Amino acid sequence: MAPDGPLVLPGETIDPSLVPSHPKNPLRLGPGLRHIPPTDIVPTVAGQLITNPVKNSMWIEYNSNRYIPSPNDLILAQILRSTTDAYLCLITPYSAPATLPHLAFEGATKKTRPQLAPGQLVYARITPASANRHMDPELECVSATTGKADGLGPIGVVGTTSGSGSGSTGPGCVFDISLGFARRLLMARSREDGGVGVLEMLGGEEGGGLAFETAVGRNGRVWVGSESARTVVLVGRALQETDRAGLGMEGQRRLVKKLVREMK
Amino acid sequence: MPREVDPSLNEKQFVTQALEENLRLDGREFDQYRPLELTFGEQYGVADVTLGKTRILAKATAEVTVPYADRPLDGIFTIATELSPMTSPSFEVNRPTETEVLLSRLLEKTVRRSGALDTESLCLVAGQKCWSVRVDVHALSHDGNLTDAACLAVVAALRHFRKPDTSMDAGVLTVYTPAEREPVPLSWLHSPFCVTWSFFGEEGETAVLDATWLEEQVRVGSCTVSLNRHGEICQIAKLGGTPVNAVVLLQCTGVALAKVKEFDELVDRRLTEDLKRRDKGGFMAELRAENDR
């Protein structure tokens with residue numbers, strides 16, 4: 001992993017010298033930390049403690065197996081069935097379904113709403129309003145402020161007309177990855193901050209300029225689409241192997257080269 | 001209990017489409033198994049089989065009981081298969097799913113009904129005392145192809161197992177502890193293994209070995225062949241699904257024989273290694289008078 005910070009265990013006391021101090025900004029605690037008044041800050045999970053002195057924030061970087069929905073997360077959901085005004089979607093197996101209103105798509109009205117079949121994949125965002133983790137989450141495929149889809153929406157399946165944008169690349173396939181790896185993939189600078197360069201390498205020089213598109217869900221699923229099935233399999237295997245073995249930059253480069261040679 | 005969710009439409013379409021282009025999601029050949037690992041536990045009769053992400057633990061035990069009244073000369077041999085919610089949340093305790101029933105039935109037919117274990121050798125006193133050998137199969141992780149992994153685990157566990165030595169003296173049966181007398185292996189006649197083929201395509205023209213869980217959910221049919229390394233077929237089970245051409249099935253049994261030979265070799269090799277590990281310097285070390293301390 002790229003970020004460096006001390007490893008902490010749940011309930012450990014955090015060295016006060018590690019807590020950032022800023023003259024003006026209040027201290028912000030991120031995932032995995034809990035404030036016990038008046039003065040204690042206690043980690044609730046095991047992981048790396050990361051601090052950001054500029055934003056005056058601290059959080060714990062960890063890899064867990066169970067996804068807990070939180071607002072504004074981009075996720076890859078699967079339609080279960082349709083009710084009168086919403087689709088019921090599955091974010092993780094064996095958990096309560098999330099609702100995706102029929103009108104939460106770009107330009108959707110009662111007459112033009114997309115018809116989605118059970119089993120179809122949707123790239124969606126968890127609405128900022130569904131902040132309560134004890135309630136079923138709500139999803140949206142459109143930005144509430146701009147009214148644009150911004151790349152969200154159903155992911156195309158051959159033989160249906162509802163695919164928006166991605167329909168041309170065929171069904172693509174979904175691969176399971178760990179939650180920490182999904183987070184690293186979704187970072188704005190995934191190469192520098194997350195230490196993941198495998199996608200760039202596949203599309204760049206090492207992979208011989210493969211053409212593919214991806215949709216990474218924070219729920220530990222990544223969709224890979226391409227016109228050639230060979231590319232989809234290659235990209236999926238590269239992602240899963242990078243995740244499983246925890247490869248660094250050099251390891252990822254070697255893996256990409258090996259896979260490209262193998263699947264020629 | 002939550003129901004198992006079907007894979008998404010995208011995955012279903014892609015798996016079949018990729019198979020038409022001779023591709024599998026993990027880059028394997030059609031007749032290639034995932035990495036297969038077999039380890040034995042500290043105790044006799046514990047075998048742990050890992051097949052990719054599928055993991056099976058089998059444990060063999062033996063106790064002295066009364067034989068069945070209608071078979072006074074035979075010992076008792078049972079295989080207990082139970083899929084717990086640990087394997088997958090959709091499995092429930094005491095409510096066997098179809099997968100579980102089929103798995104135990106196939107193991108029964110392959111190992112028990114093919115006479116792999118000589119049950120007559122388990123008889124101690126005719127009609128009064130016999131050994132009851134029981135194998136418990138635990139699925140620790142389910143990523144497809146439970147049958148092949150479970151069958152391998154059962155066979156390996158039974159071949160690794162040692163039951164306490166006994167003697168009959170003037171009508172008195174004595175069961176010796178391992179400290180008194182070295183435990184004895186079971187009388188094992190042949191090692192049958194399961195090889196499961198999954199069929200894809202309109203008429204099941206694509207046959208694939210060792211399907212993962214995703215492939216198992218998409219396949220149109222499957223066929224389990226059980227045979228030993230001499231090519232003696234113990235059973236063939238094709239339970240429903242799309243009809244498959246007889247020629248395809250014949251080719252499948254041919255490949256299955258090659259795979260079974262590999263399995264047999266693996267079990268033999270691991271058993272020899274385990275024996276070597278347990279053997280602390282042979283007979284001379286045992287006879288040595290000096291103490292470890």
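Computed over heavy atoms, backbone and side chain alike; hydrogens, waters and symmetry mates excluded. Computed from a predicted structure; not experimentally measured. Order of the sequence lines sets the chain letters (A, B, ...), proteins ahead of strands, with each chain counted from 1.
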Atom CD of B:Gln43: over 12 foreign heavy atoms under 6.0 Å = no

Could you tell me which of A:Pro93, A:Pro118, A:Ala229 has the largest number of non-hydrogen atom pairs under 4.5 Å with chain B?
-> A:Ala229

A:Val233 and B:Leu25: which non-hydrogen atoms are nearest, and at how many Å?
-> CG1-O, 3.6 Å

With chain A, which of B:Gly27, B:Ser88, B:Ala18 has the greatest number of heavy-atom pairs at distances under 4.5 Å?
-> B:Gly27

Bottom line for A:Arg221: the part with an atom under 4.5 Å from chain B's heavy atoms is side chain

Checking heavy atoms, do the side chain of A:Leu259, its backbone, both or neither come under 4.5 Å from chain B?
-> neither

Taking every heavy atom of B:Glu21 against every heavy atom of A:Arg230, the minimum-distance pair comes out as O-NH2, 4.0 Å

Of all residues at least two apart in sequence or in a different chain, which pass the side chain to side chain contact (heavy atoms under 4.5 Å, CB included) check with A:Asp136?
-> A:Ala96

From OG (B:Ser8) to CD1 (A:Ile155), nearest 0.5 Å | 9.0 Å

Interface residue of largest heavy-atom contact number with chain A, from B:Leu214, B:Asp26, B:Val15, under 4.5 Å | B:Asp26

Might you point out which heavy atoms bring A:Gly172 and B:Phe14 nearest each other, and give the distance in Å?
-> O-CB, 3.3 Å

Looking only at heavy atoms, what is the nearest atom pair of B:Asp6 and A:Gln78, with distance?
-> O-NE2, 3.0 Å

